[in-house]
Protein chains: 2
Amino acid sequence: MKNSHLEMLMYLLGKCGLFEDIKSSTIKISKDMNYSQQTISRRLREMENLALIKRNSSPNGITIRLDQKGRKLLEDDYAILKKKFENAGNEIEGIIKNGIGEGKYYMSLEGYKKQFKEKLGFSPYPGTLNIISNKEKASFVLSKTKPVEIRGFKTKDRTYGSLICYNAKIKNISGAVIIPERGTHPKEIIEIIAPVYLRSKLHLKEGGKLKVSIC
Amino acid sequence: MKNSHLEMLMYLLGKCGLFEDIKSSTIKISKDMNYSQQTISRRLREMENLALIKRNSSPNGITIRLDQKGRKLLEDDYAILKKKFENAGNEIEGIIKNGIGEGKYYMSLEGYKKQFKEKLGFSPYPGTLNIISNKEKASFVLSKTKPVEIRGFKTKDRTYGSLICYNAKIKNISGAVIIPERGTHPKEIIEIIAPVYLRSKLHLKEGGKLKVSIC
DNA sequence: ATTACTATGTTGCGAGTAT
DNA sequence: TATACTCGCAACATAGTAA
């Protein structure tokens, strides 16, 4: 099976199901999949020969359903995807980094403080813990969770933007990841807040690894 | 993207993960996937251009990891597969059929009766309810559950084979699906047993639909 | 309408090879 | 050893058409 047919199986699965048939036509499918009617016709015949699908064609359409091997193939792929996506889990891992978190500054602003207490359920220690993590993995993990929005505000001097927060556990301490809302996507440096001074409470030092569970 | 690349993405996902890199070579991959080294090289370069993967090649190998779009594509497919496979659920639906269930005969044999009580937790009413169902769907649903085996036995006259049972709920009644162990795979007709006479208890009649939950 | 055949055009595979 | 180029040819997709 050189030209994998997986694409077609996925299409069919989406249209019908694991066991039901789909009543369609090679023309309809060709439009959906962006191949010619002839190609769809031929491929379906090939797939029937390979026992990937069951097929019943007539001058007024075609009825298709998955066959044994087609289902097996999809199931195997599902198993791989499931394993990888589920294991990706809800943890962000990173290396502790000293230095200038922007968050530290925010922590002390009255305009945010009240919202922290209200929406996150705690008053943050005035400072942030910063970790350097895989930006893409962090985006992925965070995207699975509903964010808590801390609204921005204005003073006569300047405007303060919104903050996007995610409830998190650091070891056993409930805290949050905060991301200044500019482009929404987290940067490599992730800032963590908590009701206590994490660094001393958890005996953390620069360069050490830390896992944060988003919840 | 005509020639879908999905196959390669699945391969890479299996080898590395959603965010980690894989250190490999086009030759290794070509052996795994049954394409030539040249084809793998070319395809990886194409996929890099399409932002499906990130790639770093050098005279001593190639480092690959998934990129944004590649992950998205896999995630979308995962969503479809998940929906379909999870919804396939644990129910077998069928049409009630009168007539000669082989099971009815077994129910009254002493060699089985004791085991039913022991292993299924009830003494079956001496008779079976038969439904005609989608054989493949039934196989699939049953395959997800651990069967209970009722051992066969011998009398001086003949040998009685094993029975494969699956705990099941019929409406609110706890019963079981039983399958004589010949080829292991269920036939179109599925036999159901329960501690009570289901047909009268549930007011069932031939031709009606019935759902059985495997548990 | 359809499906699916035949003939033609195009893509993409892989052997050889340069780096 | 690698990767990645060129290029001949096989495999594939599509147009036209028959049933």
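Everything numeric in this text was worked out from a predicted model, so none of it was measured. Protein chains get the first letters and strands the later ones, always in sequence-line order, with residue 1 at the start of each.
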Residues forming a ring-ring contact (aromatic ring centres under 6.0 Å, His included) with [X], sequence neighbours excluded:
X	answer
Phe116(B)	none
Phe122(A)	none
Tyr11(A)	none

> What residue among Ile178(B), Thr128(B), Ile170(B) forms side-chain contact (heavy atoms from CB on, under 4.5 Å) with Ile192(B)?
Replying inline: Ile170(B)
Closest nucleotide among [options] to the [X] side chain:
X	options	result
Arg42(B)	dG12(C), dT3(D), dT3(C)	dG12(C)
Ser25(A)	dT3(C), dT3(D), dT14(D)	dT3(C)
Ser57(B)	dT3(D), dG14(C), dT3(C)	dT3(D)
Ser36(A)	dC13(C), dT14(D), dT3(C)	dT14(D)

> For Lys201(B), which residues count as a side chain to side chain contact (heavy atoms under 4.5 Å, CB included) partner, sequence neighbours excluded?
Replying inline: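 By the side chain to side chain contact (heavy atoms under 4.5 Å, CB included) rule, Lys201(B) matches Ile173(B), Val196(B).
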> Which residues pass the side chain to side chain contact (heavy atoms under 4.5 Å, CB included) test with Glu48(A), sequence neighbours left out?
Replying inline: Ile53(A), Arg55(A)
Nearest whole angstrom, please: distance from the [atom2] of [N] to the [atom1] of [X].
X	N	atom1	atom2	answer
Arg55(A)	dT2(C)	CZ	P	16 Å
Ile27(A)	dT14(D)	CD1	P	14 Å
Ile40(B)	dA15(C)	CD1	P	13 Å
Lys23(B)	dT1(D)	NZ	P	17 Å
Met33(A)	dC12(D)	CE	P	16 Å
Glu46(B)	dT3(D)	CD	C1'	15 Å
Tyr35(B)	dT11(C)	OH	C1'	14 Å
Arg43(A)	dA4(C)	CZ	C1'	16 Å

Could you go over nucleotides 5-9 of chain D and give all protein N or O partners under 3.5 Å, atom names and distances?
from   : atom 1 : to       : atom 2 : distance (Å)
dC5(D) : OP2    : Arg45(B) : NH1    : 2.1

>> Can you give me the bend angle of the helix from dT2(C)-dA19(D) to dT19(C)-dA2(D)? Use the axis through the first five pairs and the one through the last five, nearest 10 degrees.
In response: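 Computed from the C1' atoms at both ends, the axes differ by 40°.
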> Can you list the residues that meet the salt bridge (charged side-chain N to carboxylate O under 4.0 Å, His left out) rule with Asp67(B), with sequence neighbours excluded?
Replying inline: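 If we apply the salt bridge (charged side-chain N to carboxylate O under 4.0 Å, His left out) test to Asp67(B), skipping adjacent residues, the hits are Lys54(B).
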> Hey, is Glu86(A) close enough to Lys82(B) for a salt bridge, meaning N to O under 4.0 Å?
Replying inline: yes
> Within the structure, does a side-chain N or O atom of Ser58(B) lie under 4.0 Å from either OP1 or OP2 of dA2(D)?
Replying inline: no
>> Using the side chain to side chain donor-acceptor pair (under 3.5 Å) criterion, which residues pair with Glu206(A)? Sequence neighbours excluded.
In response: Asn98(A)
